[in-house]
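Owing to the predicted nature of the structure, the values given are computational and were not obtained by experimental measurement. Every chain is numbered from 1, with letters handed out A, B, ... down the list of sequences.
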Amino acid sequence: AQTVTQSQPEMSVQEAETVTLSCTYDTSESNYYLFWYKQPPSRQMILVIRQEAYKQQNATENRFSVNFQKAAKSFSLKISDSQLGDTAMYFCAFGGATNKLIFGTGTLLAVQP
Amino acid sequence: GAGVSQTPSNKVTEKGKYVELRCDPISGHTALYWYRQSLGQGPEFLIYFQGTGAADDSGLPNDRFFAVRPEGSVSTLKIQRTERGDSAVYLCASSPQGGDTEAFFGQGTRLTVV
């Protein structure tokens, strides 16, 4: 069975600084997708970035980028130029052959002014 | 509508009562998912619909939980004989086809069983 582990329950960063959130996963599948979702207090899960496992190039979306290490089964999220609006829970998720997402336990990110 | 809509936003019910939670997905999305998010946890998969049929219901915790999607659009999650342990946020998501396509989430229903 697939598992997703986020070992940082909480993180804090100063506005305009860079922060990296960690995620590791375990799977025996070769074709899969990895996601980072943001969940603000409104509860709605918002997709931040996705990575296809077959792509070696790390995905980038504006201030958000990932460091995908397939052999190590690691998928970290880097947020550059952190903004107050980035304050939220961040969930790493695995999507494979079963069509369902497996989520980690989340990291609460606080951006300090 | 523009996004996934879930009603009610909040529901308080007494232990032993029956509840229904509604999900209105994005128009045209054939795949629909239900997840349950307990306090301090990530969402956990409950059930996945492709069209009208439940393609995977392996996440339903027991036979008190049931979900339908009779016309391939709106879905209802039904919980019988509610227990305090059922208290959680129930999230619905839809995607154009399922699989590797992006899932769009609603704002969830916070269920509190007292």
Does B:Asn62 CG have over 12 foreign heavy atoms under 6.0 Å away?
yes
Count the heavy-atom pairs under 4.5 Å between each of B:Gln6, B:Gln107, B:Gln41 and chain A, then report the option with the highest count.
B:Gln107
Heavy-atom distances under 4.5 Å only: say whether B:Tyr35 touches chain A with side chain, backbone, both or neither.
side chain
Could you see if A:Tyr25 belongs to whatever hydrophobic cluster contains A:Ile49? Use Ile, Leu, Val, Met, Phe, Trp, Tyr and a side-chain cutoff under 4.5 Å.
yes
If you count every heavy atom of other residues, nucleotides or ligands that lies below 6.0 Å from A:Lys78 atom NZ, does the total exceed 12?
no
Kindly check if the number of other-residue, nucleotide or ligand heavy atoms within 6.0 Å of CG (A:Leu84) is above 12?
yes
Chain B heavy atoms under 4.5 Å from A:Gln6: which part of the residue, side chain, backbone, both or neither?
neither
Using the rule that Ile, Leu, Val, Met, Phe, Trp and Tyr join whenever any side-chain heavy atoms are under 4.5 Å apart, tell me whether A:Leu101 and A:Trp36 fall into a single cluster.
no
B:Ala103, part contacting chain A, at a heavy-atom distance under 4.5 Å
both
Cut-off 4.5 Å, heavy atoms of chain A, and the answer for B:Glu44 is neither
A:Asn31 atom CG, over 12 foreign heavy atoms within 6.0 Å
no
Other residues, nucleotides and ligands only: do more than 12 of their heavy atoms fall within 6.0 Å of CZ on A:Phe64?
yes
Apply the test side-chain contact (heavy atoms from CB on, under 4.5 Å) to residues A:Arg43 and B:Gln37: give CA-CA distance (whole Å), side-chain angles for both, the deciding distance (0.1 Å), then the verdict.
CA-CA 10 Å; A:Arg43 300 195 306 244; B:Gln37 186 175 20; over 6 Å; no
Before giving the answer on side-chain contact (heavy atoms from CB on, under 4.5 Å), spell out for B:Tyr33 and A:Asn99 the whole-Å C-alpha distance, their side-chain angles and the decisive distance to 0.1 Å.
CA-CA 9 Å; B:Tyr33 307 82; A:Asn99 287 310; 4.3 Å; yes
B:Ser38 versus chain A, the contacting section by heavy-atom distance below 4.5 Å
neither
For the backbone of B:Gly108 and the side chain of A:Gln44, can you confirm whether one donor and one acceptor N or O come within less than 3.5 Å of each other?
no
Same cluster or not: are B:Leu91 and A:Leu108 linked, directly or through other Ile, Leu, Val, Met, Phe, Trp or Tyr residues, by side-chain heavy atoms under 4.5 angstrom apart?
yes
Contact origin within B:Ser9 toward chain A - heavy atom pairs under 4.5 Å:
both
Interface moiety of A:Tyr37 toward chain B, non-hydrogen atoms closer than 4.5 Å:
side chain
In this structure, CG of B:Asp56 is separated from NZ of A:Lys100 (nearest 0.5 Å) by 4.5 Å
